[in-house]
Amino acid sequence: MSLSGLFISFEGIDGAGKSSHIETLANAFRAQGRTVVTTREPGGTPLAEKLRNLLLNDSMDALTEALLVFAGRRDHLCTVIEPALTRGAVVLCDRFTDATFAYQGAGRGFSLETLSFLEHIAQTGVALEPDLMREPDLTFWFELNPAIAAQRLSQARAPDRFEAQDLAFFERVAQGYSLRAAEAPERFVRLDAAQERHQVWQQLQQVLVRKGLLPTTAAQSGAPS
């Protein structure tokens, strides 16, 4: 396996179950001797976590949301993600920029053109190549019917400001993810998140084995029960 840095993001609407697979995958990479950084967005740094708290709990318009998200993302990239990739670590991130296009863009109906501009500004100039706009190397999209996701969430915890949105909002968010996946088919991998957890893991590990990122034995040994 190459020891160059590897950046994998996990995307999907709330309730899709993506977060439960991050630590399982982290352990599979660690078993191969890789250094792994698990992180999340919004959040991932002390500053970005403060912004996350505002985003999830305080009322604001879509532009304010987008500016806070990208401010946190810039800090996250500069202080956590890029240094880890430079060291050759595997970075597993629970959501990244695709979520902004899905939630603030499709969900809120905010300008995709403005989001693209902010994406370029916030994600360029943090890597060794000054003109590189940092994106994940691979994105797992946990696709799930919004009605099923809402049912899962209702049984899990009290909703935050985004989780409390109506079904129509999450249908738009799901459409936003579909659009992003269509625009970057070489990066996106769609997973059927309606299946049982071990079946979703099988989908995920098969992709990693096929890409040569994990050996078959490591992926199988890390499978959740």
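Computed from a predicted structure; not experimentally measured.
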Problem set entry | Exercise: identify the closest heavy-atom pair between L115 and A66 | CD2-CB, 3.8 Å

Problem set entry | Partners passing salt bridge (Lys or Arg N to Asp or Glu O under 4.0 Å) against D75 (at least two apart in sequence or in another chain) | none

Problem set entry | ILVMFWY cluster, L54 and L67 together (side-chain gap under 4.5 Å) | no

Exercise. Is there side-chain contact between P146 and F169, with heavy atoms separated by less than 4.5 Å?
Worked result: no

For this session: Can you label the angle between the F10 ring and the F140 ring as parallel, tilted or perpendicular, going by 30° and 60°?
Result: tilted

Problem set entry | Donor-acceptor side-chain pairing of E143 and Y177 below 3.5 angstrom | no

Problem set entry | Which atom of R134 lies closest to which atom of A127, heavy atoms considered | NH2-CB, 3.8 Å

Exercise. So, do V36 and L92 sit near enough that their side-chain heavy atoms are less than 4.5 Å apart?
Worked result: yes

Problem set entry | Any side-chain heavy-atom pair of R40 and R52 under 4.5 Å | yes

Problem set entry | Listed partners of R172 passing salt bridge (Lys or Arg N to Asp or Glu O under 4.0 Å), at least two apart | none

For this session: State, yes or no, whether a side-chain contact exists between L55 and E65 at a heavy-atom distance under 4.5 Å.
Result: yes

Exercise. Does the side-chain contact (heavy atoms from CB on, under 4.5 Å) test come out yes or no for L204 and L191, once each step is laid out?
Worked result: CA-CA 7 Å; L204 188 154; L191 302 177; 4.1 Å; yes

For this session: Please confirm whether the backbone N or O of A106 pairs with a side-chain atom of Q175, one donor and one acceptor, at under 3.5 Å?
Result: no

Problem set entry | Salt-bridge criterion met for E11 and K18 (N-O under 4.0 Å) | no

For this session: Compare every heavy atom of I13 with every heavy atom of L144, then report the nearest pair and how far apart it is.
Result: O-CD1, 3.5 Å

For this session: Spell out, yes or no, whether L118 and M133 are grouped together once hydrophobic residues are joined by side-chain heavy atoms under 4.5 Å, including indirect joins.
Result: no

Problem set entry | CG-SG distance between L47 and C78, expressed to the nearest 0.5 angstrom | 11.0 Å

Exercise. Just checking, any donor-acceptor pair under 3.5 angstrom between side chains of T97 and Q123?
Worked result: yes

Exercise. Where is the tightest heavy-atom contact between F29 and L213, given as atom of each residue plus distance?
Worked result: CE2-O, 3.5 Å

Exercise. In terms of side-chain geometry, is the basic nitrogen of K211 or D137 positioned less than 4.0 Å from the acidic oxygen of its partner?
Worked result: no

Problem set entry | Shortest non-hydrogen separation from S20 to R197 and the atoms involved | O-NH2, 2.9 Å

Seminar exercise, completed: So CG of L6 and CG of L138: to nearest 0.5 Å the spacing works out to 7.5 Å

Exercise. So, do L85 and V91 sit near enough that their side-chain heavy atoms are less than 4.5 Å apart?
Worked result: yes

Seminar exercise, completed: Value for CZ (R187) from CH2 (W141), rounded to nearest 0.5 Å, stands at 12.5 Å

Exercise. Which residues satisfy the salt bridge (Lys or Arg N to Asp or Glu O under 4.0 Å) test with E23, sequence neighbours excluded?
Worked result: R30

Exercise. Residues two or more places apart in sequence or in another chain: which of them pass salt bridge (Lys or Arg N to Asp or Glu O under 4.0 Å) with R180?
Worked result: D98, E119

Exercise. Among side-chain atoms of T64 and D61, is any donor-acceptor pair under 3.5 angstrom?
Worked result: yes

For this session: For the pair H21 and V200, evaluate side-chain contact (heavy atoms from CB on, under 4.5 Å) and give the outcome as yes or no after the intermediate values.
Result: CA-CA 9 Å; H21 292 276; V200 177; 3.7 Å; yes

Problem set entry | Of all pairs that satisfy ring-ring contact (aromatic ring centres under 6.0 Å, His included), the ones with a partner from residues 45-102, not counting sequence neighbours | F7-F96

Problem set entry | Atom pair CD (E41) and SG (C93), whose distance is rounded to the nearest 0.5 Å | 5.0 Å

Exercise. Is there a donor-acceptor pair under 3.5 Å between the side chain of T124 and the backbone N or O of I121?
Worked result: no

Seminar exercise, completed: Grouping ILVMFWY residues whenever side-chain heavy atoms fall under 4.5 Å, the cluster of L132 otherwise contains none

For this session: Please check if any side-chain donor atom of T139 sits under 3.5 Å from a side-chain acceptor atom of S9, or the reverse.
Result: yes

Seminar exercise, completed: Correct closest heavy-atom pair for L112 and G105 would be CD2-CA, 3.8 Å

